[in-house]
Student: 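Here's a structure for you.
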Amino acid sequence: MEYSANEFDVIVVGAGIMGSSTAYQTAKRDQKTLLLEQFNFLHHHGSSHGESRTIRATYPEDYYTPLVLESYKLWQEAESEIGYNVYFKAHHLDMAPANNKVLHAIVESCGKNSVPFRVMNRDQLDREFSGRVRIPEDWVAVATEHGGVIKPTKAVSMFQTLALQNGAVLRDNMEVKGVERDGVRGGVWVCTENGERFWGKKCVVTVGAWTTKLVKTVAGIELPMQPLETAVCYWRIKEGHEGGFAIGGDFPTFASYGDNYIYGTPSLEYPGLIKVAVHGGCPCDPDKRPWGPGNPLAPNTLDPLKEWIEGRFSGMVDSGGPVATQTQLCMYSMTPDEDFVIDFLGGEFGKDVVVGGGFSDHGFKLSPVVGRILADLALCGETQGVDLKHFRIARFQENPKGNVKDFL
């Protein structure tokens, strides 16, 4: 089909990691693609910037693990096309009390998805890491080879560059205010704040923390997504021990499922510092963030984090307090069940508008496969090899809390 300058096969709204990955996928399939971003490209207002994200295949929900395994392949495929690395390999370690239901579900998921793993008690873990990682006597750890660290801003830039190289049109500072059905020729009109209008045969909405607002404006649908503002903490590795915690050696990415969900990565972005943070944050309005010096980590969260570091790293990491805290670094877009929303908008739009959102602080690692799925839905009306029932919008009509999980 011949299109004018403002007409496209696919319009992707939102140029964070999910939108950029989707635009790369559609452009790579020879579809005329437009990628729109409300701020400058590679901005720091949303969920796709920063220094590091963890990738891991250990999920208590067994339907995520196959997606992670595919994502590893797609990350490497994109890296081979761009010519540089955004993914840095590491092993992964999960730890929790021996009776922890989440850890039991992780073990079951690994078995179901043929992910090799080892379960270690306190003494075995102590020997494995020469005392660098220790757990209480009534805890166990699960180790796998499927871990690693991704450089977020570099990854977004990679997908945008690849989309551009494959013929996509990229426009930033283009805030989308509406999407309208074209009742005459089909497709949709995407309308921006500055008055420009673009026609698309299909449209994919990937606007992160702004998803709820835009979807309500466009379709009147209330999606239960709560943006959270979070902080990332970096802790100093004591002198003489830096090499033992650095990326590229045997130190893993890690997650701890005790009273708090604590996670971290080997030392990579800042020499001599290790990232250890708590999952969670403070509710926020993405359009009214304070941008002040306040710390979204409450004292009742920071104190247990200090205790955890002192107990796990054998005094090799200074637990007195973080030496760097990046507040307002990032936003999560949380659904009640912490599962994604990947679905058609429906209603008058039918299958012409696809929504991807609610990635709940664990979506970045999966962005290559999410981009592939969103492109499939937009171009084919379906996707192969993935059961999307866990990600449907309708699940919240059946149960406001979404998917029921036995391990919670």
Side-chain angles (χ1 to χ4, degrees), residues 10-26 29 31 33 35 46-48 53 55 59 61-71 74-75 159 179 188 200 202-216 218-219 221-227 332-347 349-399 401-405:
V10 182
I11 299 174
V12 181
V13 181
I17 190 62
M18 299 303 181
S20 298
S21 174
T22 303
Y24 157 65
Q25 284 283 340
T26 57
R29 303 181 200 184
Q31 302 297 301
T33 300
L35 178 62
S47 306
S48 295
R53 297 290 191 278
I55 181 168
Y59 266 92
E61 303 96 340
D62 58 25
Y63 43 89
Y64 283 109
T65 301
L67 301 180
V68 179
L69 297 178
E70 181 181 350
S71 280
L74 295 178
W75 279 117
F159 282 126
V179 180
V188 298
K202 302 289 182 178
C203 177
V204 181
V205 175
T206 54
V207 292
W210 289 266
T211 301
T212 299
K213 291 186 177 185
L214 185 57
V215 167
K216 184 177 181 180
V218 170
I221 297 173
E222 293 270 5
L223 291 179
M225 297 181 191
Q226 175 61 61
Y332 305 155
S333 299
M334 306 297 294
T335 61
D337 54 15
E338 298 191 11
D339 283 327
F340 306 162
V341 169
I342 301 175
D343 204 356
F344 300 106
L345 191 54
F349 297 100
K351 292 188 174 183
D352 287 347
V353 178
V354 183
V355 177
F359 294 105
S360 301
D361 186 37
H362 65 103
F364 200 101
K365 69 177 79 65
L366 291 163
S367 54
V369 71
V370 170
R372 192 267 293 173
I373 292 169
L374 291 172
D376 287 349
L377 294 178
L379 300 178
C380 308
E382 61 181 4
T383 191
Q384 300 297 321
V386 181
D387 186 350
L388 296 180
K389 67 179 181 181
H390 303 287
F391 308 134
R392 297 296 188 192
I393 295 172
R395 72 183 192 265
F396 298 115
Q397 298 170 357
E398 300 162 3
N399 179 359
K401 295 183 178 180
N403 296 315
V404 177
K405 304 186 180 184

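Sequential numbering from 1 along the given sequence is applied to the chain's residues.
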Student: Using modelled atom types and a 3.5 Å cut-off, is there a donor and acceptor pairing between side-chain atoms of Lys365 and backbone atoms of Val68?
Tutor: no
Student: How long is the span from the OG1 atom in Thr335 to the CG atom in Asn403, to the nearest 0.5 Å?
Tutor: 8.5 Å
Student: Does the side chain of Trp75 reach to within under 4.5 Å of the side chain of Ser367, using non-hydrogen atoms?
Tutor: yes
Student: Minimum heavy-atom separation for Val369 and Ser71, please, with both atom names.
Tutor: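 The pair with the smallest heavy-atom distance is CG1-OG, 3.2 Å.
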Student: With no hydrogens and no angle check, is any side-chain donor or acceptor of Ser47 less than 3.5 Å from a backbone partner on Tyr332?
Tutor: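 It does not hold such a pair.
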Student: Provide the closest heavy-atom pair for Thr211 versus Gly357 in the form atom of the first, atom of the second, distance.
Tutor: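 Scanning both residues completely, I find the closest heavy atoms to be OG1-CA, 4.4 Å.
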Student: Could you give the distance from OG1 (Thr22) to CD1 (Ile17), rounded to the nearest 0.5 Å?
Tutor: 9.5 Å
Student: What distance do Leu223 atom CG and Leu214 atom CG have between them, rounded to the nearest 0.5 Å?
Tutor: 10.0 Å
Student: Specify the closest pair of heavy atoms between Leu35 and Gly19, including all atoms of both residues, with the distance to one decimal.
Tutor: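 Shortest heavy-atom separation between Leu35 and Gly19 comes out as CD1-O, 3.8 Å.
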Student: Considering only heavy atoms from C-beta outward, does the side chain of Leu67 approach that of Ile373 to under 4.5 Å?
Tutor: yes
Student: To the nearest 0.5 Å, how far apart are OH in Tyr24 and OG1 in Thr26?
Tutor: 11.0 Å
Student: Which residues satisfy the salt bridge (charged side-chain N to carboxylate O under 4.0 Å, His left out) test with Glu398, sequence neighbours excluded?
Tutor: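 For Glu398 there are no salt bridge (charged side-chain N to carboxylate O under 4.0 Å, His left out) partners, ignoring immediate neighbours.
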Student: For Ser21, enumerate each residue passing the side chain to side chain contact (heavy atoms under 4.5 Å, CB included) test, keeping only those at least two apart in sequence or located in another chain.
Tutor: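 Side chain to side chain contact (heavy atoms under 4.5 Å, CB included) check on Ser21 returns Phe159.
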Student: With a 3.5 Å distance limit and no angle check, can you tell me whether Thr33 reaches the backbone of Ile11 through a side-chain donor-acceptor pair?
Tutor: no
Student: What donor-acceptor contacts under 3.5 angstrom involve side-chain atoms of residues 382-389, with partners at least two apart or in another chain?
Tutor:
residue, atom, partner, partner atom, Å
Thr383, OG1, Arg372, NH1, 2.9
Thr383, OG1, Asp376, OD2, 2.7
Asp387, OD1, Lys389, N, 3.1

Student: Please list all pairs passing the salt bridge (Lys or Arg N to Asp or Glu O under 4.0 Å) test where one or both residues lie in residues 202-214, with sequence neighbours left out.
Tutor: Lys202-Asp352, Lys213-Asp285, Lys213-Asp287
Student: Nearest 0.5 Å, please: how far is NZ in Lys351 from CG in Leu345?
Tutor: 13.5 Å
Student: Checking Lys401 now: which residues fulfil salt bridge (charged side-chain N to carboxylate O under 4.0 Å, His left out) with it, not counting sequence neighbours?
Tutor: none
Student: Looking only at non-hydrogen atoms, find the nearest pair between Pro224 and Pro336 and report the distance.
Tutor: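 Residues Pro224 and Pro336, closest heavy atoms: O-CD, 3.1 Å.
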Student: Below 4.0 angstrom, N of the basic side chain to O of the carboxylate: do Arg395 and Asp337 qualify?
Tutor: yes
Student: Nearest 0.5 angstrom please: Leu374 CG to Leu379 CG, how far?
Tutor: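 Rounded to the nearest 0.5 Å, the CG-CG separation comes to 10.5 Å.
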Student: Just jot down the ring-ring contact (aromatic ring centres under 6.0 Å, His included) partners of Phe340, sequence neighbours excluded, or say none.
Tutor: Tyr64, Phe359, His362, Phe391
Student: Evaluate the side-chain proximity of Ile342 to Leu377: yes if any heavy-atom separation is below 4.5 Å, no if none is.
Tutor: yes
Student: Restricting to non-hydrogen atoms, name the atom on Ser48 and the atom on Gly16 that form the minimum distance, rounded to 0.1 Å.
Tutor: OG-CA, 3.5 Å
Student: Give the minimum heavy-atom separation between Val204 and Ala378, together with the two atoms involved.
Tutor: CG2-CB, 3.8 Å
